[in-house]
Amino acid sequence: MPNAVSCTDPAAEAAVPTFEGATGTLLRQLVLAAGPLTVLQIGCPYASFTAGLAAAVSENGHGRVICCEPEAARAAAAAAAVEKAGLGRYADVRVGRPERSLATVPGPVDLLLLGGPPESFLPLLKLVEPRMLPGAVVVALGVRDVPAPCAEFLAHVRFSGSGYVSLPLPFDGDGDGDGGVEMAVRAA
């Protein structure tokens, strides 16, 4: 299993899972630019999502994706996609309630991807915040589709004194089913 995937090798590139749509491109760019050591994915909307993150991490040659998924079938599909792509050394898929799994996630967390139930975004963020350094990035999926459950989370990351610089991203109609994306960077 190689340490990194070369984007100049067509055979290797064909085996690497890719993200679809603007959200996937954004996540790949964030991983490539920031070089996170720990990517924490809470909720797995698609089986290929964790594998796509692991592929981006593998391009950097270091780091790990930890996916916490409460639904066993989704977790199994995500783990199978990671193994099929040969990226097992870059990803760890955990089954169970994220609140219970977070205690064993190594810190600091450099990139947090929230893709589970929107009403859990703020409580989960608050659990992870003590392990997030300035510059850590939070990406929340589906915030526009369900504004009421996301209201407290959005108020928290958008509040000027919260320690975040946040922005809703205008991802629409690209077929990736993101339902609105909020990106926040921990400033303090």
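The first residue of the sequence shown is numbered 1, and numbering continues consecutively from there.
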For this session: State plainly whether one hydrophobic cluster holds both Val57 and Val93, where clusters connect Ile, Leu, Val, Met, Phe, Trp and Tyr through side-chain heavy atoms under 4.5 angstrom apart.
Result: no
Exercise. Does one hydrophobic cluster hold both Val65 and Leu37, with members joined at side-chain heavy-atom distances below 4.5 Å?
Worked result: no
Problem set entry | Pairs where residues 97-153 contributes a residue and the test ring-ring contact (aromatic ring centres under 6.0 Å, His included) is met, not counting sequence neighbours | Phe121-Phe153
Of all residues at least two apart in sequence or in a different chain, which pass the salt bridge (Lys or Arg N to Asp or Glu O under 4.0 Å) check with [X]?
X      : answer
Arg186 : Glu129
Arg97  : Glu99
Asp92  : Arg94

For this session: Identify, with sequence neighbours excluded, every residue that meets side chain to side chain contact (heavy atoms under 4.5 Å, CB included) alongside Ala184.
Result: Val138, Val157, Tyr164, Ser166
Exercise. Residues in side chain to side chain contact (heavy atoms under 4.5 Å, CB included) with Glu71, at least two apart?
Worked result: Glu69, Arg74
Exercise. Closest approach of Ala72 and Val95, non-hydrogen atoms and distance?
Worked result: CA-CG1, 3.9 Å
Exercise. Do Asp110 side-chain atoms and Thr38 backbone N/O form a donor-acceptor pair below 3.5 Å?
Worked result: yes
Exercise. Leu30 pairs by side chain to side chain contact (heavy atoms under 4.5 Å, CB included) with which of Leu53, Val139, Val39?
Worked result: Val139
Exercise. Is the closest basic N to carboxylate O distance between Glu182 and Arg144 below 4.0 Å?
Worked result: no
For this session: Decide side chain to side chain contact (heavy atoms under 4.5 Å, CB included) for Leu102 and Leu124; before the verdict, give the C-alpha distance in whole Å, the side-chain angles of both, and the deciding distance to 0.1 Å.
Result: CA-CA 9 Å; Leu102 292 179; Leu124 291 170; 4.0 Å; yes
Exercise. Any chance CD of Glu119 has more than 12 other-residue heavy atoms, nucleotides or ligands included, within less than 6.0 Å?
Worked result: yes
